Amino acid sequence: MEKIFIIIMICCMGIFHISDAQSECFNGFQEDNSEFESLPFQVMVDKTSLETGRSEKVTCYVVSAVDDFSYSVCAEKGKIRNKNSLSFDYFKPEEELTDTVRLECTDKTTGRVYSFSIPFIFADVMPIVETDDLLCGE
C-alpha cells in the first residue's frame, strides 16, 4: 500500500533526484558512488514550494529499489520531524536564506551506504504592508 502511495506522489509532485555523494553531518563518512550506473535510492521533494516561500514545511520521500534499507537524516539549520520508514517532514528555518538536508541510506543486504545532499535556497520574501492612509495625487 505504501509503494502505491509513493507512485501516486511521483505523478503528483516534482521529482528531485539527488545523486550528490557527500556527507558532512554523518560523522564524515563518505562512500564513492561513482562505480554504480544507477543509484538504488532517490529522494523526492517539492523544493519549489519551500524556496518560493509558499510553504514552511515539505514532506520528503525516500524511494528505494531495495527492500531492506534504513536511512538517517539531518538538517544544518531547519528541523526534521515525523520521520518514518519512507518519508520525513522538513521545516524551513526562520530568517535563513539557505539550508542543506543530508541523508545517509544503507542497503542492509549489501551493507553499502549512500549519502545525499539536498541544498535549499530560500527566497528573501518581504512582507507586503497595506495602508489606507496613502493618497496618490492628492
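Nothing here was measured: the structure is a model prediction, and the numbers come from that model. Position 1 is the first residue of the sequence, and the numbers go up from there.
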Task: Residue pair Ile118, Leu103: steps toward the side chain to side chain contact (heavy atoms under 4.5 Å, CB included) verdict - done: CA-CA 8 Å; Ile118 305 171; Leu103 285 95; 3.8 Å; yes
task: Mark yes when over 12 heavy atoms from residues, nucleotides or ligands other than Lys83 sit less than 6.0 Å from its NZ; otherwise mark no.
output: yes
Do the non-hydrogen side-chain atoms of Phe122 and Leu50 ever get within less than 4.5 Å of each other? yes
Taking [X] for the side chain and [Y] for the main chain, is one N or O donor matched with an acceptor at less than 3.5 Å?
X: Tyr71; Y: Ser87; answer: yes
X: Thr106; Y: Lys108; answer: no
X: Lys92; Y: Val58; answer: no

Residue set satisfying salt bridge (charged side-chain N to carboxylate O under 4.0 Å, His left out) with Lys77, at least two apart, ordered chain then number -> Glu96
Distance check, rounded to the nearest 0.5 Å: [X] atom [atom1] versus [Y] atom [atom2]?
X: Tyr90; Y: Lys57; atom1: OH; atom2: NZ; answer: 13.5 Å
X: Ile121; Y: Thr98; atom1: CD1; atom2: OG1; answer: 7.5 Å
X: Glu56; Y: Ser49; atom1: CD; atom2: OG; answer: 10.0 Å
X: Glu51; Y: Asp46; atom1: CD; atom2: CG; answer: 9.5 Å
X: Met44; Y: Leu86; atom1: CE; atom2: CG; answer: 9.5 Å
X: Ser70; Y: Glu104; atom1: OG; atom2: CD; answer: 9.0 Å

Which class fits the ring pair Phe41 and Tyr114: parallel under 30°, tilted 30 to 60°, perpendicular over 60°? tilted
(message) Under 4.5 Å between side-chain heavy atoms, counting indirect links through other Ile/Leu/Val/Met/Phe/Trp/Tyr residues: same cluster for Val62 and Phe91 or not?
(response) no
Between Asp99 and Pro93 the two heavy atoms that sit nearest each other are OD2-CD, 3.9 Å
Shortest non-hydrogen pair, Lys47 vs Pro119, comes out as NZ-O, 2.6 Å
Residues at least two apart in sequence or cross-chain that pass side-chain hydrogen bond (donor to acceptor under 3.5 Å, both in side chains) with Thr48, listed by chain then number, are none
Only one of Val43, Val45, Val73 passes side chain to side chain contact (heavy atoms under 4.5 Å, CB included) with Val101, and that residue is Val73
